[in-house]
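Here's the structure we're looking at; comments come further down.
Each chain gets a letter, A, B and so on, in the order the sequences are listed, and its residues count up from 1. Note that this is a predicted model, so its numbers are computed, not measured.
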There are 2 protein chains.
Amino acid sequence: MPTTTQQRTTILEVAREARASKTSVSRYFSEERERLSPDMQTRIAAAAQRLGYRPNRMASGLKGGRSRLIGMLVADIRNPFSVAVMHGVEQACRERGLSLMVCNTDNDPAQEREHLALLASYRVEGLVINAVGSPDRELQALVEQGTPLVLLERELGEVEAEVVGLDNVRALDMALNHLQAQGYGELLYLSEPPEQASPRQTRLTRFHQGIAARGLAGEVHCRPLGDTEALHHAIGDFVARPSTVPRAVLCANGNATLAATRALRALGARLGEVGLLGIDELDWCELVGPGITTLAQPTEAIGRAAVECLMRRREGGGERIAPARRVHFQASLIPRGSTRR
Amino acid sequence: MPTTTQQRTTILEVAREARASKTSVSRYFSEERERLSPDMQTRIAAAAQRLGYRPNRMASGLKGGRSRLIGMLVADIRNPFSVAVMHGVEQACRERGLSLMVCNTDNDPAQEREHLALLASYRVEGLVINAVGSPDRELQALVEQGTPLVLLERELGEVEAEVVGLDNVRALDMALNHLQAQGYGELLYLSEPPEQASPRQTRLTRFHQGIAARGLAGEVHCRPLGDTEALHHAIGDFVARPSTVPRAVLCANGNATLAATRALRALGARLGEVGLLGIDELDWCELVGPGITTLAQPTEAIGRAAVECLMRRREGGGERIAPARRVHFQASLIPRGSTRR
DNA sequence: TTGTAGGCGTTATCAC
DNA sequence: GTGATAACGCCTACAA
């Protein structure tokens, strides 16, 4: 049995079939379709249909033509928040006829650099980046090459790029206001190590400012969540310590909420009695105990906004470099039993 | 200020800088590096380094050279199970120097067809498919074009492709054995509509066979999970009906488990008293009530296996078409309080 | 071991 | 409106 390696049809074959030139066929599949005579259009449409023609994106990406490709760098694909944002990015891309190429860095700066180079080698037309480290050099190279960039949440050094994300300052204020209103007076703030990651920094700083301004007592645990021993220890101490003031744990993101919930469960703490509030809404928050109070981020909107920034950049691009901007979204509080005493 | 649209360096510039030919540079970046003299290698390495050269994947994907691109079609990116498998696929790709392009179809057959054509237009070297509908025609076209295909879980009509997934028959047997051993005698099987989706079919069929063989009473609710009213009604009826035999709900996948947990909570049912067992392990299953018993799938392994199949196909490809095969993985039971009375 | 020449499928330029 | 023709950056016979 012979190999049926049926070659993919090319623009040339369509041209022949439609008694037209390559140019016309190319035009038909580009923005310039209108410039063709109705008759020509029908012929090409029919021929393409018959032959099942599809432009080869690799080829069009080569010659000045656009690759129609957007790249996205995700720090942790298993984080539901990242996926939700990605979903928004994806939809916005689809609506614009763009394809999305997603790379997961698994929180590894080395992989991040590698992926960045990779995406560049595919000549993506824009890049949405949820960074782990600080690949300033690589990003700067991309910017100079003319690739529009959008950073999710964390802003990076000198890089000329838009930043889209949550209004972390107000988010933290909302959280603290709610906890205070519910009568919690001693707080434990739980976060992964902030290092350079700017949103974690912002949230942490605001936590400190916020408790000071409100006269609340507070402490902080900023260790890798993987170190469950340290975590259980910290939470255990916090909960067991004698005090007359109700206590609550404030989690900086979804992962922290998961870790805290596990720890509290292991300790046999009753949610609400020990308060619990997490940033990021998750499927299961309503199902655990009396429900976990969360601060939901408008994930889809964030994703869409990222693509919008990209496109705006591309339009205006070339001539003058627009100033880097910031787009901030507001969180919304979902009160549940974990902050009801 | 002039636009700094610094052109990306090409193979030609590297060649000049290294006093070599394009061919040699090309060889350096391909499998044939060893054929170059040590001196030549050093010169090229240095030049490439200096100029920050990276081969343009678009260009190399054009001429017979490989695109180094693997495509993946995901039915629902927000399903943690899909993401976990994707993570395995991703790792396997990385280890082989392949890039992964992921497309989410949002459970829409139309988008599925669209994305398939898209991936084809990028000349992917292999495709991992988690199908929603039955895009037989599109897939057949890809196969004939020589693209290796791997289907996740569901097998599709006549298409010549490997299938990787869970051993659903044994998984259901494990579930039923466990439920019976724990003393549950009446079961409600909860699934999304099976239609053509073969794993759902398989699981449903085995459920019917299994309860018959074991002398258990059973019924089935196969409606879209979005219809919460119907769902609550069904579960409410099931739970409230007078009977002397303990009852349990068996969920066909993670989404069903989520929906069932919500419904049971709304009904005020106590987990364990009403049994609950779900296929697919999720972050939160250990946290709800006494914990939800699950059947975990080896997701990473499934993803990796998919890529392995792809590669095997590509190696042996061309000459003779290997027979389509099936790779089955075993689930593992994680017993928790939801099936303890 | 190294280089030359042609072609991959498309788009851009410039004629007609 | 339409169509030759030259790039685009790389790979691959074929030569040397």
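Protein atom CZ of A:Arg16 is 15 Å distant from nucleotide atom C1' of D:dG3, rounded to whole Å. Rounding to whole angstrom units, CD1 of residue A:Ile11 and P of C:dG9 are separated by 11 Å. B:Arg68 has its CZ atom 18 Å from the C1' atom of D:dG9, to the nearest Å. The distance between atom CZ of A:Arg123 and atom C1' of C:dT10, rounded to the nearest whole Å, is 16 Å. As rounded to whole Å, 13 Å separates atom P of D:dC10 from atom OH of A:Tyr122. Rounded to whole Å, atom P of D:dC10 lies 9 Å from atom CG of A:Leu62.
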Verdict with reasoning, B:Arg16 to B:Glu13, per salt bridge (charged side-chain N to carboxylate O under 4.0 Å, His left out): CA-CA 5 Å; B:Arg16 273 204 270 268; B:Glu13 306 174 62; over 6 Å; no
CA sep, side-chain torsions, deciding dist, call: B:Glu90, B:Arg96, salt bridge (charged side-chain N to carboxylate O under 4.0 Å, His left out): CA-CA 10 Å; B:Glu90 196 175 47; B:Arg96 292 170 169 76; over 6 Å; no
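No side-chain donor-acceptor contact under 3.5 Å links B:Asn104 and B:His115.
Interface residues of residues 39-58 of chain A facing DNA chain D, ordered by number: A:Met40; criterion, heavy-atom separation under 4.0 Å. Contacts with DNA chain C (heavy atom under 4.0 Å) in residues 20-37 of chain A: A:Lys22, A:Thr23, A:Ser26, A:Arg27, listed by number.
The ring-ring contact (aromatic ring centres under 6.0 Å, His included) analysis of residues 16-48 of chain A, with sequence neighbours excluded, yields the pairs A:Phe29-A:Tyr53.
Shown here are the salt bridge (Lys or Arg N to Asp or Glu O under 4.0 Å) partners of A:Arg50, two or more places apart in sequence or in another chain: A:Glu17. Taking the salt bridge (Lys or Arg N to Asp or Glu O under 4.0 Å) definition, one finds that B:Arg137 meets it with nothing, sequence neighbours left out. Every salt bridge (Lys or Arg N to Asp or Glu O under 4.0 Å) that A:Arg304 has, sequence neighbours left out, goes to A:Glu95.
Along DNA chain C, the nucleotide nearest B:Arg19 and the nucleotide nearest B:Ala59 are compared for position; the residue whose nucleotide lies closer to the 5' end is B:Arg19.
Considering only heavy atoms from C-beta on, B:Val164 stays 4.5 Å or farther from B:Leu151 through its side chain.
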